[in-house]
Peer 1: 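Below are the structure tokens for one structure; questions will follow.
Quick note on labels: first sequence line is chain A, next is B, and so on, each numbered from 1. All values reported here derive from a predicted model rather than from experimental measurement.
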Protein chains: 2
Amino acid sequence: MLRDQVCFALYAASRALTDVYRPLLDEFGLTYPQYLVLLVLWERGDDPPTVSELGAALRLDSGTLSPLLKRLAAAGLVVRTRSALDERRVEVGLTADGAALRQRMTDVPLRVACSTGLDETELVALRDTLTRVTETIHRQKEQ
Amino acid sequence: MLRDQVCFALYAASRALTDVYRPLLDEFGLTYPQYLVLLVLWERGDDPPTVSELGAALRLDSGTLSPLLKRLAAAGLVVRTRSALDERRVEVGLTADGAALRQRMTDVPLRVACSTGLDETELVALRDTLTRVTETIHRQKEQ
DNA sequence: CCCGGATAAGTTGTGCGCAATTGAATTGCG
DNA sequence: CGCAATTCAATTGCGCACAACTTATCCGGG
């Protein structure tokens, strides 16, 4: 029964992949969610996102992001600044250290992808299926 | 970049599916990991597993399972008994209430599967791919 | 038989993830 | 303009996950 459940397969695979990331990220003092935040920030270049925009990208709320960002700020990788235009917003920008980390971590995704044992084609197919599932579910929630 | 990452797709899909489970399980006062534990216990019939055996099935350690099982016991769904043969072991058995829940929850997996928008064939293919990835990773860890 | 290592479960501490609430700032409607 | 509804981030509380450690039990060699 357990073996038949797609959800358990998803849950187990997600934790297994995070296990692969853990030792790689440990070298940089990062957790996987923290790494995801950095991925978003690196992608944005200048134009730092607000906490909400980060949350929309990662599907995490302020209850998760606020303390996480506080830890990234304490590590000197990120700065949080109140927006001058709208004082409710907090913009999350990279420090020089945070930006520099990008170059040092370029090989991390490849090393993780290899550990799955899937080839390029299978990886792309898997990613697309999963993205479709996630979007189907979120579209349903909006109604 | 974020969009390219298989790992993020997996992480997001796993959380999205748990979101689908949440309202269904809430009616029974269960969380998703607690439901997984019950799935294992239902499968075993008599012959209650030890904490370690549960952990091997779900890939969770005693640090996660001990407090979780304590909550299931407090809810009256489970009983924990020291093994007479080996007093280090704790066997986890179902109460009448815990066993009875099985019938009341038979339609849960189907309702969740529907929300993914995938057909039977795609679901099986996805499950098999994910199971393969998980096993590949765990095989690597053992060396 | 005894003791050293191994094994099982539990505990502690940290960091998510999410619901619910709070408090401050902004928007929009009358 | 004025104030009620909304938006945004932060906080609180709870339940996983997981590493590291503790305690109790068992096993096996000498």
Side-chain angles (χ1 to χ4, degrees), chain A residues 8 11-23 25-26 29-38 48-56 58-75 78 80-92 138 141, chain B residues 7-8 11-23 25-26 28-38 48-56 58-75 78 80-92 138 141:
Chain A
F8 174 68
Y11 164 79
S14 179
R15 284 190 297 128
L17 266 189
T18 304
D19 272 2
V20 177
Y21 267 109
R22 202 184 321 281
L25 297 180
D26 262 359
L30 293 174
T31 65
Y32 183 63
Q34 290 167 9
Y35 170 69
L36 290 178
V37 166
L38 291 179
T50 64
V51 174
S52 296
E53 287 167 338
L54 265 176
L58 300 175
R59 303 212 173 267
L60 293 170
D61 67 3
S62 68
T64 300
L65 286 174
S66 287
L68 186 158
L69 293 170
K70 205 176 280 185
R71 283 185 283 270
L72 280 181
V78 141
R80 297 182 300 156
T81 52
R82 286 270 161 199
S83 162
L85 275 76
D86 183 344
E87 298 236 334
R88 290 171 304 180
R89 296 168 182 266
V90 168
E91 288 162 1
V92 182
H138 286 119
K141 288 202 81 168
Chain B
C7 298
F8 175 68
Y11 165 80
S14 179
R15 285 189 297 127
L17 265 188
T18 304
D19 272 2
V20 176
Y21 267 108
R22 202 183 321 282
L25 297 180
D26 262 359
F28 302 95
L30 294 175
T31 64
Y32 183 62
Q34 289 168 9
Y35 170 69
L36 290 179
V37 167
L38 290 179
T50 65
V51 174
S52 295
E53 287 167 339
L54 265 176
L58 300 174
R59 303 211 173 269
L60 292 171
D61 66 4
S62 68
T64 300
L65 286 175
S66 286
L68 187 157
L69 292 171
K70 205 176 279 184
R71 283 185 284 271
L72 281 181
V78 142
R80 297 183 298 157
T81 51
R82 285 273 160 198
S83 162
L85 276 75
D86 183 343
E87 299 236 334
R88 290 172 304 178
R89 295 168 182 266
V90 168
E91 288 161 2
V92 182
H138 286 119
K141 289 201 82 168

Peer 1: OP1, OP2 of D/dC16 versus side-chain N and O of B/T31: anything below 4.0 Å?
Peer 2: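 True: B/T31 side-chain N/O within range (under 4.0 Å) of D/dC16 OP1/OP2.
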
Peer 1: With DNA chain C as reference, determine whether B/S52 or B/A16 sits nearer its 5' end, using the nearest nucleotide of each.
Peer 2: B/S52

Peer 1: Hey, is the side chain of B/R82 poking within less than 4.0 Å of OP1 or OP2 on C/dA8, counting only N and O atoms?
Peer 2: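 No, because none of the side-chain N or O atoms of B/R82 sits under 4.0 Å from OP1 or OP2 of C/dA8.
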
Peer 1: Would you indicate, yes or no, if D/dG15 has its OP1 or OP2 atom less than 4.0 angstrom from a side-chain nitrogen or oxygen of B/K70?
Peer 2: no

Peer 1: Quickly work out the B/D61 CG to C/dG10 P distance and round it to whole Å.
Peer 2: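 B/D61 atom CG is separated from C/dG10 atom P by 12 Å.
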
Peer 1: At under 4.0 Å, does any side-chain N or O of A/S66 touch on OP1 or OP2 of D/dA10?
Peer 2: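 Affirmative; the distance criterion is met.
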
Peer 1: With DNA chain C as reference, determine whether A/R88 or A/L60 sits nearer its 5' end, using the nearest nucleotide of each.
Peer 2: A/L60

Peer 1: Closer than 4.0 Å, any side-chain N/O of A/R59 to the OP1 or OP2 of C/dC18?
Peer 2: no

Peer 1: Rounded to the Å, how far apart are A/L69 CG and D/dA10 C1'?
Peer 2: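 Taking atom C1' of D/dA10 as the reference, CG of A/L69 is at 11 Å.
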
Peer 1: OP1 or OP2 of D/dA17 versus the side-chain N and O atoms of A/R15: is any pair under 4.0 Å?
Peer 2: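 Answer is no, no contact under 4.0 Å.
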
Peer 1: For A/T64, is there any backbone N or O sitting under 3.5 Å from a side-chain donor or acceptor partner on A/D61?
Peer 2: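 A pair under 3.5 Å: yes.
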
Peer 1: Hey, does the side chain of B/Y11 come within less than 4.0 Å of C/dC16's phosphate (OP1/OP2), counting only N and O?
Peer 2: no

Peer 1: Quick one: does any side-chain atom of A/S83 pair with a main-chain N or O of A/D86 as donor and acceptor, under 3.5 Å?
Peer 2: yes

